[in-house]
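One structure below.
In what follows, chains are A, B, ... by sequence order, proteins preceding strands, each numbered from 1.
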Amino acid sequence: MRGLTRKMSSPVRSPFRRDLTGLKESDVTTYIVRRLLQSIVVLLLVSIFVFLAIRLMPGDPIKLMVYESNLTGLSPQQLADLRHEYGLDKPLALQYLDWLGGVLQGNLGISVFTKTPVAKEIFRRLPITFEIGLWSLLLSIVIGVPVGIISAVRRGTWIDQLVVTLSNIGVTIPVFWLGVILMLVFSLYLKWLPVMGFTPLTEDPGMHFKQLVMPVICSSLFSVAALARQTRSSMLEVMHQDYIRTAWSKGLNENAIIFKHALKNGLIPVITTLGLSARGIVGGSTVVETVFSIPGMGRLLVSAVSNLDYAYVQGIILIIAATVVAINVLIDIVYGWADPRIRYS
Amino acid sequence: MKKVLFVLVLASLLLAACSTPTPEPTKAPPTSAPVASTKAPEPTKAPAATTAPATSAPAATKAPEPTKAPAAATKAPEPTKAPAAGVTPKTGGTLTILVRALPNPIGNTLTNFAPGNTLYLFPAAEPLVGVAPDGQFVPNKLAVGWDVAPDGKAITFKLRQGVKFHDGTDFNAEAVKYNLDATRTARAELKVITSVDVVDTYTVKLNLSDWSNTILNQLSWHNGVMISPASVKGQTAEYIATHVVGTGPFMLKEFQAETKLVFTKNANYWEKGKPYLDGITYLLVADQNTSKNAFLSGQANAWDYLDAKNAPELVKQGYKINTTPGLGRIIYTDSINADSPFSKKEVRYAFEHAIDKQAIVDAFGYGTWKVAVGPCAETHLGCAVATANARKYDPAKAKQLLAQAGYPNGFKMSFYAVGSIENEMLTAIQAYLKDVGIQAEMSKPDSATGTTLHLEGWKNGVWLQGLTTDSPSYVAALQSDGPNRAKIFSSDVPAKYTELLAQAAAAKDAATQKATSEALIKYVQDEALFIPLFITSRTVVYTSKVHFDLDAYSVHSWNPGDAWLDP
């Protein structure tokens with residue numbers, strides 16, 4: 001919401017006054033450009049913070065690699081050569097500038113431990129995490145929002161009670177537990193789905209989608225439930241507004257009242273919730289990836305931090321940060337679309 | 001009514017979670033199932049027939065023969081594990097094995113490779129020296145024989161002829177020299193090799209500063225693995241890190257870091273008729289529940305390194321299972337710090353007396369673990385000598401020793417453990433220590449922090465870690481995991497220990513090896529250089545269609561070329 005000012009002529013505006021959006025195309029363009037510039041600053045700050053934070057952790061990657069690889073016979077000179085090879089003998093500022101220069105050229109660095117370019121591994125895993133995240137987000141929207149609307153419109157009925165109960169379960173159920181349940185039911189009893197793994201779409205489309213089903217269900221459960229609850233809550237608030245009552249009394253069609261007049265005004269909190277869920281698209285879920293043995297970004301990040309693999313940690317966090325910043329910009333823009341009272345200044 | 005229905009659905013899901021389905025295992029008729037499959041093992045008792053260390057573990061009384069007669073070289077190599085009489089190995093099929101860890105990177109064995117991952121290289125790359133299930137070194141790999149000089153200062157290997165690397169280049173003495181020259185300067189355990197001479201195309205001589213009876217052990221593992229020099233020379237670090245070009249029965253087809261390793265049949269393998277399989281695939285599965293479900297659902301033929309707690313249930317379901325000794329669990333103290341309670345021997349003794357090892361073994365080993373009576377596994381040469389002075393569970397004696405050391409009211413300390421140790425076990429140990437007045441703060445540092453503590457030291461605390469049991473050689477175990485300030489900075493390494501270790505490593509004949517190994521064990525035990533707890537297990541489960549010798553060894557070895565599957 002930073003960069004936005006909310007100008008409200010009245011506590012609640014009627015959507016029937018269509019002439020008051022106050023939005024000009026040039027305003028939006030200026031706003032987007034300004035937010036993008038701010039994003040670059042944010043990304044630079046994040047990169048500096050991560051660069052320094054990982055180096056504050058106890059340990060020296062060269063010593064760790066030597067220890068784990070049992071290279072205990074290396075001489076001090078050989079160790080110094082290794083340190084030089086990875087630029088770890090330079091002052092911190094130079095190390096950062098070297099890394100940043102590489103990033104601008106698409107090179108996220110070389111891992112001390114795997115001796116391979118980290119960008120290659122990150123971009124092998126990113127599409128996997130991205131696909132699971134995207135399907136989960138879609139599922140959240142397609143199920144969470146309509147269910148929340150139905151629940152609000154049918155408040156007090158058995159449908160509402162069912163939605164409230166299920167969404168409460170959804171936000172509290174542990175993902176790893178759900179994963180095991182799904183495996184038992186769909187893989188061991190019904191034998192419909194494979195327990196684990198990831199097969200590229202190009203290799204075997206059938207297996208690809210089969211292997212996605214359970215991880216996507218697990219990844220989306222929380223956001224489906226959270227979205228349903230949020231949508232229900234927002235809709236209930238809007239449905240009690242005077243202008244909706246007026247619409248009902250005018251004899252307007254139910255669908256028109258709900259979808260044309262009530263839903264858009266109730267979307268702001270829903271969009272916020274959706275934005276928070278969207279961050280998982282690139283960050284991945286370590287739990288889901290571990291339970292279903294999927295080589296995604298979540299596991300890679302945990303492993304990198306645990307090993308003090310500077311290049312991987314910096315690269316992964318930069319990509320996650322860039323995505324989160326982009327999503328935030330997008331959400332801010334969508335806010336303006338959903339609620340014309342929010343003006344770009 | 002709908003609510004009731006909903007509750008019923010939920011209840012059924014909960015029930016499903018609490019019970020594991022028993023899918024039809026792809027097993028042979030009951031007559032071929034292991035004996036234990038008809039007798040359910042009790043959690044606190046050893047599943048007798050499922051764990052057969054007597055047949056699969058190296059015998060403690062058999063010393064490795066460093067001066068193995070060259071005559072062995074002239075004898076045609078026998079398959080390590082011959083198929084049972086009347087059973088003809090079938091060809092074809094892919095063996096899929098679920099594992100907990102995979103090498104990352106895989107290829108640069110010459111410069112950067114975690115030794116514990118060597119097992120996963122063996123389909124593609126072979127060592128110079130082979131190992132028999134009883135721990136003896138046999139010339140069934142790339143060396144067809146070896147001869148030790150009378151003064152022990154050299155060992156000459158005769159190499160197998162007609163062997164080619166997967167890239168078509170010849171395996172010969174030059175290749176051996178290239179590989180050993182690359183590793184001997186980087187690894188402390190190979191420093192004993194001063195130079196490598198090419199005698200002729202198929203003869204190579206290793207010149208040693210002193211005789212070391214662990215040299216064959218080293219050359220049967222990651223240090224002895226031979227990679228094509230042509231595949232490494234002139235290549236980028238990335239290429240080397242992701243490719244393995246060896247002489248093995250399979251070739252590396254696909255390597256995905258922390259995901260999978262796919263090997264495909266090497267049609268030009270030197271042992272004619274092998275391999276039987278079309279390929280071997282390793283899948284990394286970090287979570288034990290996932291592994292179990294994947295194995296039960298048929299996504300894999302075998303599951304290696306499963307938790308001992310899963311074994312009894314799988315035996316009941318008729319799967320083949322085998323357990324060999326796994327890592328020993330030992331505790332290092334910061335005995336080097338003069339102000340640490342652990343600098344006093346009485347405190348180290350008290351620590352061992354305070355913990356009821358048997359109770360922990362019963363509770364967490366499911367019949368597959370054993371109490372370490374001394375600072376060794378019973379498979380280590382000479383370990384029996386430790387029995388007489390075993391420090392048994394005796395809290396009263398622990399308190400008395402603590403009082404003698406000046407800690408009548410105990411003390412506070414840090415207890416570090418590697419991540420694979422069960423939290424419940426740490427809680428149990430913490431409770432035992434509390435009983436004698438020691439307030440232990442338990443923690444499991446991440447990999448980087450743990451290694452840093454090892455390298456830079458810790459104060460007033462202990463580290464629970466592993467002791468390898470992969471060979472009968474106690475010297476080799478100590479060279480890998482024994483007191484060494486380069487690896488465990490805080491733990492004392494007395495000069496006497498170094499002297500005894502050197503003597504034991506230099507022993508030439510079996511009798512001297514046994515005597516020096518016993519002296520070493522006794523010294524480590526008397527000085528409590530580390531505190532032994534128990535010997536864990538390495539368990540593998542597989543369907544009855546699988547025939548391999550992965551179950552014949554501890555962590556050290558296996559022969560992928562011998563593996564086959566029933567159709």
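- In summary, the side chains of B/Gln299 and A/Ser187 do not present any donor paired with an acceptor at a separation below 3.5 Å, with no hydrogens or angles considered.
- No other option in A/Ser303, A/Ser75, A/Pro61 has as many heavy-atom pairs under 4.5 Å with chain B as A/Ser303.
- For the pair B/Glu456 and A/Pro58, the minimum side-chain heavy-atom distance is 4.5 Å or more.
- Using a 4.5 Å cut-off between heavy atoms, A/Ser111 does not touch chain B at all.
- A/Lys120 places none of its side-chain heavy atoms less than 4.5 Å from the side chain of B/Thr242.
- Heavy-atom distances place the side chain of A/Met183, and not its backbone, under 4.5 Å from chain B.
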Determine, step by step, whether B/Thr451 and A/Glu68 satisfy the side chain to side chain contact (heavy atoms under 4.5 Å, CB included) criterion, reporting the C-alpha distance in whole Å, the side-chain angles of both residues, the deciding distance to 0.1 Å, and the verdict. CA-CA 8 Å; B/Thr451 304; A/Glu68 287 173 10; 3.9 Å; yes

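- The two residues A/Arg124 and B/Ala257 have their closest heavy-atom pair at NH2-O, 3.2 Å.
- Around atom CZ of A/Phe209, more than 12 heavy atoms belonging to other residues, nucleotides or ligands sit under 6.0 Å away.
- No side-chain donor-acceptor contact under 3.5 Å links B/Thr290 to the backbone of A/Phe292.
- Considering all non-hydrogen atoms of both residues, B/Asn293 and A/Leu188 come closest at OD1-CD1, 3.3 Å.
- Not a single donor-acceptor pair under 3.5 Å links the side chain of A/Ser293 to the backbone N or O of B/Ala286.
- Closest approach of B/Lys487 and A/Tyr67 over heavy atoms only: O-CE1, 3.6 Å.
- Side-chain contact between B/Leu283 and A/Met196 is present, with heavy atoms from C-beta onward closer than 4.5 Å.
- Between atom NZ of residue A/Lys63 and atom NE2 of residue B/His454 there is a gap of 14.5 Å, rounded to the nearest 0.5 Å.
- Considering all non-hydrogen atoms of both residues, B/Arg187 and A/Ser69 come closest at NH2-O, 3.3 Å.
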From CA spacing to verdict: side chain to side chain contact (heavy atoms under 4.5 Å, CB included), A/Glu121, B/Glu258: CA-CA 11 Å; A/Glu121 185 63 15; B/Glu258 295 181 341; over 6 Å; no

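- More than 12 heavy atoms of other shown residues, nucleotides or ligands fall within 6.0 angstrom of atom NZ in B/Lys191.
- A 6.0 Å sphere centred on NZ of B/Lys444 holds more than 12 heavy atoms belonging to other residues, nucleotides or ligands.
- Across every non-hydrogen atom of B/Ser297 and A/Val195, the tightest pair is OG-CG2, 3.4 Å.
- When heavy atoms are compared at a cutoff of 4.5 Å, B/Thr185 approaches chain A by way of both its backbone and its side chain.
- Note that the CD1 atom of A/Ile110 and the OG1 atom of B/Thr236 stand 9.0 Å from one another [nearest 0.5 Å].
- In terms of heavy-atom proximity, A/Gly59 sits nearest to B/Thr452 at CA-OG1, 3.0 Å.
- Atoms CG and CG, on B/Asn289 and A/Leu184 in that order, are 8.5 Å from each other to the nearest 0.5 Å.
- Counting heavy atoms of neighbouring residues, nucleotides and ligands inside a 6.0 Å radius, atom CZ of A/Arg155 does not exceed 12 of them.
- A 6.0 Å sphere centred on CZ of A/Phe222 holds no more than 12 heavy atoms belonging to other residues, nucleotides or ligands.
- Contacts with chain A were tallied for B/Asp446, B/Val285, B/Leu284; B/Val285 has the most, counting heavy-atom pairs under 4.5 Å.
- Residue-environment remark: CZ (A/Phe130) stays at or below the threshold of 12 foreign heavy atoms within 6.0 Å.
- Ranked by heavy-atom pairs under 4.5 Å with chain A, the list B/Leu455, B/Thr449, B/Asn484, B/Leu453 is led by B/Leu455.
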